[in-house]
Amino acid sequence: MTPSDAPPIGAVPPRGPRPRVFSGMQPTSDLHLGNYLGALRQWVAGQHERDNVFCVVDLHALTIPEAIDPAHLRARSRSVAAMYLASGLDPEASTVFVQSHVPEHTECAWLLNCVTPLGWLQRMTQFKAKTDGRESIGTGLLDYPVLQAADILLYDTDEVPVGEDQVQHIELTRDIAVRFHHLFGEVFVLPKAVVPKSGARIMGLDEPTVKMSKSIADERPGHAVRLLDPPDAIRKAIMSAVTDSERETRFEQASPGVRNLLTIWQVLDGRPMAELEAEVDGKGYGALKKAVVAVVVDALAPIQARYAELQADPAELDALLARGAERARGTAAATLARVKAAVGVGA
Ligand code: TRP
């Protein structure tokens, strides 16, 4: 076949007026307040101005096989998806689905693997951190960012809202796409990372100098508020949050633990920080913590109620996820067809 006989490579389809947004979370353990304030809540806030695709990345959870429990993985993926919806993602406005329900992700990842230099993956900070001190390292862990690139590129994504720790993976995604374009022609939209403003970075309650994390929360009960915690547990975690021995409640002067509490309060309350500072000025940290407990309990109550409804009706959740996967597949299959045509595989 001469080049002129080759099937035309489909161009990127016309874009709608709203930017396409893609993001995802691993179903590795229960979601916590940091996941809600730093990600979910912002996804919900932007959902009508943007064209959203939100994924539960269960295949990524397999990259540390020691850490997953096969008996619970499927249930946890459903639970995280239910939490997306319970947090306010509208399944009409946003496409919500589980990664492994859309086989195009793994197929695209293979095609991207073949254009990704090994050195690029070995240099990833997260890979180095996750493998540090480990004897046995699965190939999946090295390849993790290529699967992530497939997630993003399949949906013609413009923006990827993520934490600072993921920016390197989004840059790698662009690099892989650009390299693919050089080798085979233009088929992808180049995405960019969007890191939320500082207020959204929630720190560990027991250690306010590290970001609130799912893996630490599994080991240390006072580390996080989980989104499904009952009011008593929320109260206990917040009332025992680490502060300091002063009475400083002005954000700029406060210690990291107090800043973290003020941040949580401000984001959920919505009033300006100065007003909140004045409300607890001179009253000590007990008053601040009580205010934070109240606002967190209030914010989580409706989410927990909606989550319970979804859990009580597995057929509804199944139907929502099946519809989400079908919608996702519409876009993913079209992109994958362009990729396959460009490299010369497929029927
Ligand atoms: N690596 C991301 C994290 O741990 C999860 C993820 C997988 C993701 N695929 C993605 C995030 C695509 C954004 C876009 O947070």
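When a ligand or atom number is given, it counts from 1 through the structure's own listing order. Atom set for the values below is all heavy atoms of this structure, side chains included, hydrogens, waters and symmetry mates excluded. No experiment lies behind these values; they were computed from the predicted model shown.
Using a cutoff of 4.0 Å between basic side-chain nitrogens and carboxylate oxygens, Arg247 and Asp281 are not scored as salt-bridged. Of the charged side-chain nitrogens involved, at least one lies within less than 4.0 Å of a carboxylate oxygen, so that Glu207 and Arg220 count as a salt-bridged pair. Salt bridge Arg201/Glu164: absent, no basic N to carboxylate O contact under 4.0 Å. Salt bridge absent: Glu159 and Arg18 never bring a charged side-chain N and a carboxylate O closer than 4.0 Å.
Residue contacts with ligand 1 for Gln166 involve side-chain atoms from C-beta outward but no N, CA, C or O (heavy atoms, distance under 4.0 Å). With a 4.0 Å heavy-atom cut-off, ligand 1 is reached by the side chain of Ile152 but not by its N, CA, C or O. Proximity of Leu147 to ligand 1, defined as any heavy-atom pair under 4.0 Å, is not found for any part of the residue.
Regarding atom 10 (C) of ligand 1, its nearest protein heavy-atom neighbour is Gln148 CG, 3.5 Å. For atom 5 (C) of ligand 1, the closest non-hydrogen atom on the protein side is Gly24 O, 3.7 Å. Looking only at heavy atoms of the protein, atom 12 (C) of ligand 1 is closest to Phe22 CE2, 3.5 Å. Of the protein's non-hydrogen atoms, Asp151 OD2, 2.7 Å is the one closest to atom 9 (N) of ligand 1.
Val242 forms part of no hydrophobic cluster, judged by ILVMFWY side-chain heavy-atom separations under 4.5 Å.
Scored by the side chain to side chain contact (heavy atoms under 4.5 Å, CB included) test, Gln122 finds Leu118, Leu142 as partners (sequence neighbours excluded).
Those atoms of ligand 1 that come under 4.0 Å of a heavy atom in Gln26, given as number and element, are 4 (O). Which parts of ligand 1 touch Val160 is read off a 4.0 Å heavy-atom cut-off, strictly below it: atoms 13 (C), 14 (C).
Residue contacts with ligand 1: Tyr144 is placed with a nitrogen or oxygen under 3.5 Å of a nitrogen or oxygen of the ligand (distance criterion only).
Aromatic ring orientation, Tyr84 versus Trp43: perpendicular (interplanar angle above 60°, classes split at 30° and 60°).
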